[in-house]
Amino acid sequence: MMQTQATQNVVESPQVATLLASKSLQLSCAFALGIAVLFAAVFVQTSSVHNAAHDMRHSQGFPCH
Amino acid sequence: MICVILKDFPATNSIGSPVIFRRLVVIALVGGLIGGAAVSLIQWWQVTPIIVQAEKLESLKAETIQAVSQEHSEGSHSHGDGWRPQDGLERTAYMALSNILTAFGFTLVLAVSMAGAALKFKKNSEVNVAVGAMWGLGGFVTFFAAPSVGVAPELPGVTSVALELRQWWWAGAVICSGAGLYLAYVLKTRWKWGLLVGLLSAPHIYGAPQAQNPYQGFPSEVAVQLSKMSKDFFLVTGLSSLTLWLVLGIFSALAVKRYIDLEN
């Protein structure tokens with residue numbers, strides 16, 4: 001109970017609130033997520049990932065083999 | 001559809017809530033579905049038949065190589081030993097799924113770049129359909145046209161240099177071209193045009209890894225056929241990529257304008 005209260009206090013503290021609301025940080029996180037997804041779809045060569053994404057990689061012009 | 005998904009979000013960016021991040025992810029999900037569905041349809045219609053035909057011809061290469069020599073294995077077409085989707089519906093479904101995933105990533109990068117330009121470089125008034133189409137063209141040049149000049153879209157079975165070399169060059173070309181176009185759009189200095197030309201040409205001056213004979217191991221008449229198919233393949237992959245990027249560019253501009261608070 002006390003721990004929950006403490007966590008809530010941290011989340012609602014002005015510093016954390018400002019950080020979460022920072023537009024630059026949110027844009028950076030969204031950009032990083034996009035790059036991570038693209039990396040998995042385009043570059044990962046694990047056999048099953050490669051085979052699943054094979055036709056898409058050829059069709060989009062990504063290096064595949 | 002996007003209105004329904006976003007209606008539960010607060011209308012304003014309340015303090016302490018990562019509203020912009022969540023909205024960008026939702027925009028990318030919807031963009032991924034729309035763009036992924038559109039490009040999958042074109043690929044299923046125009047691109048996949050060429051891939052399937054190339055895979056049939058690839059078996060001739062395997063036989064020739066087995067009969068003549070085992071030495072030219074670098075860059076040969078291997079699907080690995082693990083699971084792979086069955087031909088037919090399953091294979092098409094995985095192509096569509098990976099297209100949706102890729103379009104999700106593209107939309108996220110595109111929407112963030114648009115919002116970043118609006119917020120940090122005062123391009124707020126320029127988020128509209130026409131400029132969205134221009135962003136789409138920028139994405140097409142960055143992720144398809146510029147890298148394709150060095151590493152053209154390859155048919156299955158066509159020999160090339162080591163994959164890692166091509167992937168590194170491809171990623172370098174994408175980063176240089178994207179950075180050049182973005183900086184040319186947001187900067188106000190005159191020397192930005194020099195920067196654009198420099199960044200666009202740098203990967204090509206460095207030089208893309210090229211195979212000496214991409215049709216090595218094929219009988220000559222099959223090599224001629226594959227050479228012609230490669231040109232058709234370049235054209236149809238280019239058209240499908242252009243369609244995808246125009247859809248994503250216009251959609252992202254409309255969605256960013258409507259759902260992202262672009263005022264500082």
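Here is how names work: the chains are called A, B, and so on, in the same order as the sequence lines, proteins then strands, and each is numbered from 1.
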Going through the checks in order, is the side chain to side chain contact (heavy atoms under 4.5 Å, CB included) test met by A:Leu38 and B:Leu108? CA-CA 10 Å; A:Leu38 285 177; B:Leu108 216 41; over 6 Å; no
Which portion of [X] sits near chain A, non-hydrogen atoms under 4.5 angstrom:
X        : value
B:Ser113 : side chain
B:Val109 : both
B:Gln43  : side chain
B:Ile50  : neither

Pick from B:Phe144, B:Phe143, B:Trp170 with the largest number of heavy-atom pairs that fall under 4.5 Å of chain A: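 Winner by heavy-atom pair count: B:Trp170.
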Using a 4.5 angstrom heavy-atom cutoff, name the option from A:Cys29, A:Ala41, A:Ser28 with the most pairs to chain B.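 Heavy-atom pairs under 4.5 Å are most numerous for A:Cys29.
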What residue, out of A:Gly34, A:Ala40, A:Ala53, A:Ser59, has the most heavy-atom pairs lying under 4.5 Å from chain B?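 Ranked by contacts with chain B, first place is A:Ser59.
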Is there side-chain contact between [X] and [Y], with at least one heavy-atom pair below 4.5 Å?
X       : Y        : value
A:Leu33 : B:Phe21  : yes
B:Ser40 : A:Met56  : no
A:His54 : B:Arg84  : no
A:Lys23 : B:Asp261 : yes
A:Asp55 : B:Thr92  : no
A:Gln60 : B:Leu244 : yes

Using side chain to side chain contact (heavy atoms under 4.5 Å, CB included), reason through B:Leu163 and A:Gln45 one step at a time and then give a plain yes or no. CA-CA 10 Å; B:Leu163 175 68; A:Gln45 280 304 113; 3.4 Å; yes
Drop me the distance from A:Ile35's CD1 to B:Ile175's CD1, to the nearest 0.5 angstrom.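 Nearest 0.5 Å value for the CD1-CD1 distance: 8.0 Å.
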Could you measure the distance from the CD1 atom of B:Ile51 to the CZ atom of A:Arg57? Nearest 0.5 Å is fine.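 Rounded to the nearest 0.5 Å, the CD1-CZ separation comes out at 13.0 Å.
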Tell me the closest heavy-atom pair linking [X] and [Y], and the distance in Å.
X        : Y        : answer
B:Gly82  : A:Ser47  : N-OG, 3.2 Å
B:Val112 : A:Ala30  : CG2-CB, 3.6 Å
B:Trp83  : A:Asn51  : O-ND2, 2.8 Å
B:Pro153 : A:Gly61  : CB-CA, 3.8 Å
A:Val42  : B:Gln167 : O-NE2, 4.2 Å

Results of side-chain hydrogen bond (donor to acceptor under 3.5 Å, both in side chains) for B:Thr243 - residues two or more places apart only: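 With sequence neighbours excluded, B:Thr243 shows a side-chain hydrogen bond (donor to acceptor under 3.5 Å, both in side chains) to no residue whatsoever.
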Does anything in residues 93-106 of chain B reach chain A? List residues with heavy atoms under 4.5 Å apart, or say none.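 Near chain A, by residue number: B:Tyr94, B:Met95, B:Ser98, B:Asn99, B:Leu101, B:Thr102, B:Phe104, B:Gly105, B:Phe106.
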Quick one: does A:His58's side chain have a donor or acceptor within less than 3.5 Å of a partner on B:Glu154's backbone?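 Yes; at least one donor-acceptor contact below 3.5 Å.
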